[in-house]
Amino acid sequence: MATFVMQSLGCEVAAINTVHFSNHTGYRQFKGTRTSAQEIRDLYQGLCQSDLTDFDVLLSGYTPSAAAVEAVGEIGLDLQRRAEKKPGSFFWILDPVMGDQGRLYVNEDVVPAYKKIIRHADLILPNQFEAELLSGIKISTMKDLADAITAIHKTYSIPHVVVTSVQLSGLGSSTPPSTLTIIGSTTRSDGSPRLFHIDVPALDCFFSGTGDMFAALTVARLREAVFAADADPALRNTRSWVSPDDVPATELPLAKATEKVLASMHSVLEKTLEARNAELAAAAAAAATTETDSTSAEERQKREHLRRTKASESSPVRQLNTYVCILHILPGLQSTSSTQPSHY
């Protein structure tokens with residue numbers, strides 16, 4: 001997913017796979033292996049020995065073990081060292097994939113491994129649960145959410161944060177339950193946050209691959225925002241692409257990039273949902289002719305899960321023309337002196 005999306009937007013990608021699975025784990029069954037830390041190091045050394053490390057951006061995502069997280073961190077640090085003499089020439093986007101919906105996907109020792117390396121990244125993309133793990137703050141209210149982002153900035157010195165897919169309606173907000181909100185922030189020079197949020201309609205379906213799609217789109221769209229003709233030319237030579245303090249939250253390159261990312265995703269997923277419904281209808285008709293009275297309820301349930309999972313695969317391949325859509329960015333979530341959002 002991530003490789004294709006970046007390539008479709010003009011990026012040259014050198015991909016190091018951290019797993020080699022037959023399919024994603026949402027199917028509840030798969031075959032394959034997890035890449036070891038040593039294999040990750042070996043592959044990177046292979047790039048180094050042939051002078052193939054002139055990267056503009058590093059995107060790191062799911063990493064299956066604490067040792068592998070450390071190996072990825074070593075790669076990020078080495079690429080940063082190589083770019084030290086040219087501020088702004090290298091940017092590290094880190095998606096700290098650890099879990100969701102209140103549970104971990106990874107071993108518990110992966111959490112402290114991420115806490116150790118994320119302080120070196122330029123932008124992190126945690127979901128709500130991961131933001132809680134990193135900040136140590138349980139997010140139950142809007143103030144908690146602002147406090148969590150502020151704590152992440154302060155604790156890890158992260159210049160940019162985007163917390164994805166927050167259900168504000170569940171946090172005492174008047175936001176309709178059919179709405180998903182993405183919260184982002186870029187620090188000022190004193191470390192305080194500049195908070196913005198973007199609301200998008202929620203689709204009544206579980207999709208696979210959306211996290212990877214979001215991260216990959218962010219790679220292209222953030223660099224595009226920083227290097228745009230109307231952007232501050234000094235920004236592209238500024239470490240971590242942090243805008244001057246007088247740039248308001250909704251005018252930040254991160255906000256503009258996130259706006260485009262969400263527009264693209266919503267368009268792709270709307271059409272994926274249409275294709276899913278048609279595929280499920282066809283599959284149900286076919287199943288009616290192949291399943292017999294002897295098929296157990298357990299087997300029927302398993303087949304239905306596999307059909308639904310396959311039909312819900314995100315399909316950017318069919319939707320290349322949607323990547324230029326734009327949604328309206330909602331002002332607000334402007335930071336106050338208490339770091340509490342002023343309004344939504």
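Every heavy atom of this structure was used, including side-chain atoms; hydrogens, water molecules and symmetry mates were not.
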Main chain of [Y], side chain of [X]: is a donor-acceptor contact present, judged purely on distance under 3.5 Å?
| X | Y | value |
| --- | --- | --- |
| Ser185 | Arg194 | yes |
| Asn23 | Gln29 | yes |
| Asp42 | Glu39 | no |
| Ser8 | Val5 | yes |
| Asp122 | Ile93 | no |
| Thr218 | Phe214 | yes |
| Thr309 | His305 | yes |
| Gln128 | Val163 | no |
| Gln80 | His120 | yes |
| His153 | Ile158 | yes |

- Inspect the contact between Glu70 and Lys116 and indicate whether a charged nitrogen and a carboxylate oxygen are less than 4.0 angstrom apart.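 No.
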Could you grab the distance from atom [atom1] of [X] to atom [atom2] of [Y], nearest 0.5 Å is fine?
| X | Y | atom1 | atom2 | answer |
| --- | --- | --- | --- | --- |
| Thr258 | Leu125 | OG1 | CG | 8.5 Å |
| Ser243 | Leu252 | OG | CG | 5.0 Å |
| Thr33 | Asn17 | OG1 | CG | 10.0 Å |
| Lys86 | Arg236 | NZ | CZ | 13.0 Å |

I'd like to check the salt bridge (charged side-chain N to carboxylate O under 4.0 Å, His left out) partners of [X]; sequence neighbours left out, ordered by chain and number.
| X | result |
| --- | --- |
| Glu270 | none |
| Glu132 | Lys138 |
| Lys154 | none |
| Arg308 | Glu304 |

- Message: For Lys115, give me all partners under side-chain contact (heavy atoms from CB on, under 4.5 Å), at least two apart in sequence or on another chain.
- Response: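 side-chain contact (heavy atoms from CB on, under 4.5 Å) check on Lys115 returns Val111, Leu134, Tyr156.
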- Query: By side-chain contact (heavy atoms from CB on, under 4.5 Å), which residues pair with Ala67, not counting sequence neighbours?
  - Reply: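 For Ala67, the residues satisfying side-chain contact (heavy atoms from CB on, under 4.5 Å) (neighbours in sequence not counted) are Ala37, Ser65.
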- Query: Going through the checks in order, is the salt bridge (charged side-chain N to carboxylate O under 4.0 Å, His left out) test met by Glu259 and Lys256?
  - Reply: CA-CA 5 Å; Glu259 177 185 23; Lys256 294 180 178 180; over 6 Å; no
- Query: Quick one: salt bridge (charged side-chain N to carboxylate O under 4.0 Å, His left out) pairs with a partner in residues 10-34, sequence neighbours left out?
  - Reply: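 Every pair satisfying salt bridge (charged side-chain N to carboxylate O under 4.0 Å, His left out) with a residue in residues 10-34: there are none.
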- Message: Quick test of your reading: applying salt bridge (charged side-chain N to carboxylate O under 4.0 Å, His left out), list the pairs with at least one residue in residues 96-113, sequence neighbours left out, ordered by first then second residue.
- Response: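 Sorted pair list comes back empty.
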- Take atom CZ of Arg41 as the centre, draw a 6.0 Å sphere, and report whether it contains more than 12 heavy atoms from other residues, nucleotides or ligands.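 Enclosed.
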Can [Y] be reached from [X] by stepping across I, L, V, M, F, W or Y side chains whose heavy atoms are under 4.5 Å apart?
| X | Y | value |
| --- | --- | --- |
| Ile118 | Leu104 | yes |
| Tyr27 | Met1 | no |
| Met98 | Ile137 | no |
| Leu269 | Leu280 | no |

- Message: Starting from Leu77 and following side-chain heavy-atom contacts under 4.5 Å between hydrophobic residues (I, L, V, M, F, W, Y), which residues can be reached?
- Response: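 Direct or chained contacts put Leu77 with none.
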- Query: Cluster partners of Val242, using ILVMFWY side-chain heavy atoms under 4.5 angstrom, listed by chain and number?
  - Reply: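 Hydrophobic cluster check, Val242: no partners found.
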Does any part of the side chain of [Y], heavy atoms only, come nearer than 4.5 Å to the side chain of [X], both counted from C-beta?
| X | Y | answer |
| --- | --- | --- |
| Arg276 | Glu279 | no |
| Val110 | Tyr105 | no |
| Val166 | Ile139 | no |
| Thr186 | Trp241 | no |
| Phe4 | Val13 | no |

- Task: Taking all non-hydrogen atoms of both residues into account, name the closest pair between Pro253 and Ala225 and its distance.
- Result: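 Residues Pro253 and Ala225, closest heavy atoms: O-CB, 3.7 Å.
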- Item | Shortest non-hydrogen contact from Gln101 toward Phe129 |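 The answer is N-CB, 4.2 Å.
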- Item | side chain to side chain donor-acceptor pair (under 3.5 Å) partners for Gln7, two or more places apart |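 None.
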- From CA spacing to verdict: side chain to side chain contact (heavy atoms under 4.5 Å, CB included), Leu222, Phe91: CA-CA 10 Å; Leu222 179 56; Phe91 195 93; 3.7 Å; yes
- Does the gap between the ring centers of His24 and Phe21 come in under 6.0 Å?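 No; Phe21 has its ring centre 6.0 Å or more from that of His24.
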Can you give me every donor-acceptor pair (side chain of residues 43-61, partner residue at least two apart or in another chain, under 3.5 Å) with its distance?
residue: Tyr44; atom: OH; partner: Asp78; partner atom: OD2; Å: 2.6
residue: Thr53; atom: OG1; partner: Arg82; partner atom: NH1; Å: 3.3
residue: Ser60; atom: OG; partner: Trp92; partner atom: NE1; Å: 3.1

- Between Thr141 and Asp144, is a side-chain hydrogen bond (donor to acceptor under 3.5 Å, both in side chains) present by the stated rule, with each step listed? CA-CA 5 Å; Thr141 67; Asp144 293 339; 3.2 Å; yes
